[in-house]
Amino acid sequence: MDDGHAAPNQGFDGYREYFVGKRQLQKAQEDQLREVCGARPSIFRGCRVHVNGRTDPDREELRREIVMHGGTFVHYLARPSDATHIVAEHVPTAKRRLWRVCKVVRPAWVLACLRSGKLLPWQPYAAAGTEAAAGIVASAGSPQGPRLTCKDPGFIEDFFAKSRLHHLSTWKAALREKFLDRYLRTNEGALNDLRAPPAHILHVDFDCFFATVSGIKAGYQSKTEVPLAVCHGGSSSDVASCNYAARECGIRNGMWVSKAQELCPNLVCLPYTYDAYETVSNSFYEVLEDLKAFDAVYPISVDEAVCVIDRPLDTLSCQELCIRIRAEVAERTGGCVVSIGCAPSLVLARLALKRAKPDGYLVCVKEPIKGGDTQVVSPAHLFETCTLRDLPGIGRAIAEKLLLGFTGHEHTIAQVSQLFSRSELITRLGSITGAKLADLFQGLDDVESSRMLRNPRAYFARKSLSAEINWGIRFDSVPEIDAFLDRLVQYLVSKINELCMTTSQIVLKIARRSSDAPIEPPKYLGMGDCDSFSKSCQLGLATNNPGVISAEIKAAFRMLSCPAKELRGIAVQFLKLREASTSHMPRQLRLPFSTIKPLETPKNRMKASVTELPPVVYKRATPIKDFFERHKRTSNSPSPDFTHMMSAPALCESFLGELPTDLAEEIRREHRIYQKARSSYLQSSRKKVETGVHGNTSEHILENSEILGPITFQNLTSQEKIKSLVREWISQTLRSDGPNHEDLSLFTSYLDRLISGGPRRLPALLSMARLISDQLRIHESYGDKQSFHEWEEYLVRVVLVRLNRCKQLYTQNVEILFDIYPQIDRP
DNA sequence: CTTGTGTGGTAG
DNA sequence: ATCGCTACCACACAAG
């Protein structure tokens, strides 16, 4: 095809002659080649090799190597059996059936044979599109186990292991943590005190990172002409990354493989190679470190960093540095290409990087010498050549708000900045976004980005932790979802424990199929068009306790009233993170006061004010968006009726007795969770009434304490007898179904009467809290898990909250550490 | 005015 | 088949 010299321009009659003549010429060339280098090992003896389509290395080079190493080159493949091996980057769809039994290999096979000096098995090099290639991928991935669904226990881990976006997020978080760790220990790798804007900023970024690295791993050169894409497979899988050869055909990241293959039938799909991405990324950051050229290196992502030089440097030195970085990275990463934008601000560096790609660098200076190097440009040049969307933080939605009907890719920054004044931007986009864009138009960094340079400690510090899954979510019933939520919470709790932190606000976010979306979207197991809803929940106390968190999340799911079958996505977020404990003891909850040691010295007072709990405020349960409207919308669906359950005081046990055991069990389980949702509503509204009516609660209670007699529980007055009753009650219910809700209310009201009894009743209250905690500790490894969680929740949400409230009423500056489950170790 | 919740957007 | 994550900011709105 592309055979150096074009076919002679002759008539139809001449073709046969031409081909015969050409074949003789080729034969002669090959004989000559063999003579010239006869001493080479005959690796390909007996092989008849045909090369199909565009390859890398190209057809001529492959031919030379095959012939020189004893093989026969088959120029024209009349029948598949004419060749023993077919070399191709991929199998064209048209040939797939014809070549089904052929050995179709990638050029990498030839290279590998040459390297090892012998004929290698062809199967590992099977070209994309062959059955052998599919077989290799499938068997290499997982050992043919049954595919996991979202109902299976290992689903979350399995999904995350394969999700590119999960990996990107995880890597980013790890890099930030690593940066912070080093910065806090040594102040190394960051600027000490950045008063003035730094002199030079280099934004360094790999060209199509995944595609290049996966390509190299599959035997392609980093700048191959072969169009490559990284994806999981099939037609509705996403192109995670494609190389520039593929982009020339119009293929874009995020596009579906089916669309990409329409645009470019030659496209070669490569599997993800997450390990290799990590390895290359590590080398990348090592290069930046080893260069010792920067005052700071800030991680942006696995394949992207911002390097800062805080001293004046002439333009030529900047260029030399860019060239050096590119060369070093290529050398240390098997040929990967990074592009670089160098400028006096983050925005300009970013724009310069955009224009530098692919495979280049660009230095932006205020006044470049006219007619000088093309790698040096002015800010104005960047504004005239970059589009609105190239600006950081300007995505689809914002661009469309400004340019109705356009995506923001059609207009240059210079054009758009002419169209809008600062105040117009603020009117259209809001005060902060508008002002930010106005600043960006001037080449000034926005506040948020420059915070990274000015205060990296705050910028990189983690403020939340979350996990979400919006693929493969297909449930039939709420208990299945409960089990999933339990696992998701467990996953997050192990993460938060690794961080040695606790959370006091959690959020459940769900995606629910839009009413006009089909049950099954075009993407296999995808979420399709969804509405999203969220419910947040204040915990009152910071905790890492999976039982407490799980119960809240499950209750929150009820509040969102989404029918199980409509659920398409689930997210759980931990907000308001705090350091777990200053004493490094696992799973301690701080209680508000102590009978052991009141703190009085000024020194202790100081300490107490630092570790003091935030005041516990019972939040009003806020009505969620369109709650009743949505409930109405779903009330004729099979989902349980939330408001009905809210008002139902108890289950009729005799009725339940008539039902099959598993069904009755399911109903009881449902009921328990609705009771939780209900009780949190009742408590919060009662609190609202109390604080609303009595301005000064403490005075009122102290007054009452004068007229109250002995405080009883179940007609018992003796503290010891009450305690042994409660001990028995807890121990029994832990081994069975958990505490009865009515019983809990009675006990709570006893606790409340103790509180109203004034400060002298506090030891009794504290002693009850200890008793519950002790019982939980004793029974933790036996008994029913669900019951345990219920008692645990009661302790944290009801008892501890009351103790905390008392602290505000009666005592100040007193604290103890209340060790609830000391035997549980944290990693 | 401040505060908090729920929703939406963006980046890599 | 296919793996549509996650941290963080900003806004609208409601409630005090």
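Side-chain atoms are counted along with the backbone in the values below, which use heavy atoms only and exclude waters and symmetry mates. The chains referred to below are lettered A, B, ... by the order of the sequence lines, with proteins before strands, and numbering in each begins at 1.
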Worksheet item: Between atom CG in A:Asp158 and atom P in C:dC3, what is the gap in whole Å?
Response: 13 Å
Worksheet item: Is the centre of the A:Phe441 ring less than 6.0 Å from the centre of the A:Phe420 ring?
Response: no
Discussion item. Tell me the interatomic distance from A:Ile394, atom CD1, to B:dG9, atom P, rounded to whole angstroms.
Written reply: 13 Å
Discussion item. I need the CZ-P distance between A:Phe284 and B:dG12, as an integer number of Å.
Written reply: 13 Å
Discussion item. Does A:Glu304 form a side-chain contact (heavy atoms from CB on, under 4.5 Å) with A:His203? I'd like the steps, not just the answer.
Written reply: CA-CA 8 Å; A:Glu304 190 178 346; A:His203 200 140; 2.6 Å; yes
Worksheet item: Does NZ or CZ of A:Arg487 come closer than 6.0 Å to the centre of the six-membered ring of A:Phe484, within 45° of the ring's axis?
Response: no
Worksheet entry | Any donor-acceptor pair under 3.5 Å from A:Ser258 side chain to A:Ser235 backbone | yes
Item to complete: Could you check how far CG of A:Leu440 sits from P of B:dA11, rounded to whole Å?
Response: 11 Å
Discussion item. Under 4.0 Å, counting only non-hydrogen atoms across every strand here, what does A:Leu577 touch: a base, just sugar-phosphate, or nothing?
Written reply: nothing
Item to complete: Check the distance between C:dC3's P and A:Arg474's CZ and give it to me in whole angstrom.
Response: 13 Å
Worksheet entry | Residue whose nearest DNA chain C nucleotide is more 5′ - A:Trp256 or A:Tyr524 | A:Tyr524
Item to complete: Examine the side chains of A:Ser214 and A:Thr273 and answer whether a donor and an acceptor come within less than 3.5 Å of each other.
Response: yes
Worksheet item: Do the rings of A:Tyr298 and A:Phe179 sit parallel, tilted or perpendicular, given the 30° and 60° boundaries?
Response: tilted
Worksheet item: Does A:Gln538 put a side-chain nitrogen or oxygen below 4.0 Å from OP1 or OP2 of B:dT5?
Response: yes
Worksheet item: Is the gap between the ring centers of A:Tyr277 and A:His167 under 6.0 Å?
Response: no
Worksheet entry | Length of the CG-C1' vector between A:Leu508 and B:dG6, whole Å | 13 Å
Item to complete: Would you classify A:Gly472 as touching base, sugar-phosphate or nothing, given that sugar-phosphate means primed atoms plus P, OP1 and OP2, and contacts are heavy atoms under 4.0 Å?
Response: nothing
Worksheet item: Expressed in whole Å, how much space separates the C1' atoms belonging to C:dG4 and B:dG9?
Response: 16 Å
Practice prompt. Would you indicate what A:Glu400 reaches in the nucleic acid, counting non-hydrogen atoms under 4.0 angstrom: base, sugar-phosphate, or nothing?
Written response: nothing
Practice prompt. Using whole Å, report how far CG of A:Asp531 lies from P of B:dT7.
Written response: 10 Å
Response to the item:
Atom CE of A:Met452 and atom P of B:dG12 are separated, to the nearest Å, by 11 Å
Practice prompt. Using a 4.0 Å heavy-atom cut-off across all strands, classify A:Arg350 as base, sugar-phosphate, or nothing.
Written response: sugar-phosphate
Practice prompt. Treat primed atoms plus P, OP1 and OP2 as sugar-phosphate and everything else as base, then score nucleotides 5-11 of chain C 5' to 3': B for base contact with protein heavy atoms under 4.0 Å, S for sugar-phosphate contact only, - for none.
Written response: BBSSSSS
Worksheet item: Does OP1 or OP2 of B:dT7 have a side-chain N or O of A:Ser534 closer than 4.0 Å?
Response: yes
